[in-house]
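Working notes, structure below.
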Amino acid sequence: MKFKPISLLLFAALGGISFGAHAVEPFTISDIRVEGLQRTDPGTVFNYLPVKVGGRFDDTVARESIKALFATGFFNDVRVEADGNVLVVMVEERPTIAQISISGAKLLDKDQIRAALKSQNFAEGRIFQQDVLDAGINELKQQYFIQGRYSVSVKTTQTKLERNRIGIQLDVSEGDVAHIKRINIVGNKAFESAKLIDLF
C-alpha cells in the first residue's frame, strides 16, 4: 500500500517544530485511521483532531492537526499521510514512567522527594517528559536550599524498559550545610557596621 505523503512530519528534537514542504491536494476525508498507539485510546486522538470524517483536508488542517496532537504531550512524533481519501495519523507515543528509584538522600526521605517531584506532575504512571523531570529536579533542589544545602546535586539516569516504559534513577548528593562566613555592609554612614551586625 502506497501512501500519498502530506509531509507534515513533526520533530520534537531540541524543542523545535518543523514541517515538510510538500503540499497536499485538498480532499474530503472518508475515514480516519490512527497507527502507532499502545496506551492512548484512539478516541483521544479523534477528540484532539480539528477535522472529522466528511471534513475537508488541506495543508492548513494538516498543520493544525499535528500541532494539536503534539500539544497533548502524549507523543514524540506525529505524522499525517493520505491513503486515497483516508487520513492516516501515525504517532510515536512517549514512554510512561514505570518506576522512580532514589539513592543518596538522607536529609529528605523518599516520600518527601516523591512529593516534590509529584508537585511538578512527575510521578510513576505518568507520561515521561524531559521538561517535567527538569522542573521536578528544580523543585527538589529548592527543598534542599531551604535546609541550607546549596551545593546539592541530582544526577538522573533513564533506563528504557519493555512495553514503552522508562525507569528513572535519582542519585542525590546533598552536599554540606552552608554557613555564613562574613557579613559586609555597604552604604551605611550614620551607623557603624559592627553596630548593625550586632542587630542581626
Side-chain angles (χ1 to χ4, degrees), residues 1-101 114 117-139 156-170:
M1 182 181 298
K2 186 176 181 180
F3 290 108
K4 178 173 59 179
I6 296 178
S7 102
L8 303 164
L9 179 62
L10 177 68
F11 294 94
L14 304 178
I17 297 177
S18 65
F19 299 95
H22 302 292
V24 57
E25 188 71 25
F27 64 93
T28 300
I29 301 172
S30 62
D31 194 12
I32 299 175
R33 189 169 71 243
V34 182
E35 299 180 355
L37 294 178
Q38 297 183 45
R39 298 175 311 276
T40 307
D41 186 84
T44 300
V45 175
F46 296 144
N47 286 337
Y48 281 99
L49 283 175
V51 67
K52 309 296 180 186
V53 172
R56 193 72 171 163
F57 198 83
D58 55 24
D59 283 341
T60 299
V61 176
R63 290 176 183 272
E64 291 174 352
S65 298
I66 290 178
K67 286 183 178 180
L69 291 177
F70 188 71
T72 65
F74 298 158
F75 309 111
N76 277 327
D77 290 313
V78 179
R79 186 174 45 165
V80 292
E81 294 183 349
D83 180 11
N85 287 336
V86 176
L87 175 63
V88 182
V89 180
M90 290 177 280
V91 298
E92 179 187 333
E93 289 183 323
R94 287 179 170 171
T96 55
I97 304 167
Q99 59 188 33
I100 300 174
S101 302
R114 291 179 188 277
L117 296 173
K118 192 172 183 179
S119 71
Q120 301 301 312
N121 204 33
F122 191 87
E124 293 176 357
R126 303 283 177 87
I127 293 174
F128 175 76
Q129 298 183 51
Q130 184 63 51
D131 57 340
V132 177
L133 172 59
D134 294 340
I137 296 302
N138 286 334
E139 176 60 28
T156 63
T157 303
Q158 303 170 17
T159 303
K160 292 184 178 181
L161 305 174
E162 60 182 4
R163 302 198 309 274
N164 198 27
R165 299 179 303 153
I166 191 169
I168 304 296
Q169 171 70 40
L170 302 180

V53 and F46: side chain to side chain contact (heavy atoms under 4.5 Å, CB included), yes or no, with the steps? CA-CA 10 Å; V53 172; F46 296 144; over 6 Å; no
Give the C-alpha distance, both sets of side-chain angles, the deciding distance and a yes or no for side chain to side chain contact (heavy atoms under 4.5 Å, CB included) between Q169 and T159. CA-CA 8 Å; Q169 171 70 40; T159 303; over 6 Å; no
Are L69 and V45 close enough, and set up right, to give a side chain to side chain contact (heavy atoms under 4.5 Å, CB included), and what steps lead you there? CA-CA 7 Å; L69 291 177; V45 175; 3.9 Å; yes
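V88 has its side chain within reach of M90: a pair of non-hydrogen atoms, C-beta onward, lies under 4.5 Å apart. Residues L117 and L170 meet the side-chain proximity criterion, which asks for heavy atoms closer than 4.5 Å. Residues L37 and F74 fail the side-chain proximity criterion, which asks for heavy atoms closer than 4.5 Å.
Separating the CZ atom in F27 from the CG atom in D58 is a distance of 9.5 Å, to the nearest 0.5 Å. Here the OH-OG1 distance, from Y48 to T72, works out to 6.5 Å after rounding to the nearest 0.5 Å. Expressed to the nearest 0.5 Å, how far CZ of R79 lies from CD of E92 amounts to 10.5 Å. Distance check: R39 CZ to T96 OG1 gives 4.5 Å after rounding to the nearest 0.5 Å.
In this structure Q38 satisfies the side chain to side chain contact (heavy atoms under 4.5 Å, CB included) test together with E93, N164, sequence neighbours excluded. Listed by chain and residue number, nothing satisfies the side-chain hydrogen bond (donor to acceptor under 3.5 Å, both in side chains) test with T157 (two or more places apart in sequence, or in another chain). Under the side chain to side chain contact (heavy atoms under 4.5 Å, CB included) criterion, S119 pairs with E139, sequence neighbours left out.
Here the closest non-hydrogen pair linking A123 and K118 is CB-CG, 4.2 Å. Considering all non-hydrogen atoms of both residues, S65 and F57 come closest at OG-CE1, 4.2 Å. The two atoms that bring A135 and Q120 nearest to each other are O-CG, 3.6 Å, heavy atoms only. The shortest non-hydrogen separation linking I97 to F122 is CD1-CE1, 3.4 Å. Between V86 and S30, the closest heavy-atom pair is CG2-OG, 3.8 Å. Scanning both residues, V80 and I66, for their nearest heavy atoms gives CG2-CD1, 3.9 Å.
Pairs of residues two or more places apart, or lying in two chains, that qualify as side-chain hydrogen bond (donor to acceptor under 3.5 Å, both in side chains) and include a residue from residues 121-138 are R94-Q129, R114-E124, N121-R126, Q130-D134, Q130-Q158. Pairs passing the salt bridge (charged side-chain N to carboxylate O under 4.0 Å, His left out) check and including a residue from residues 40-57, sequence neighbours excluded, do not occur.
Between the side chain of R63 and the main chain of T60, no donor-acceptor pair closer than 3.5 Å is present.
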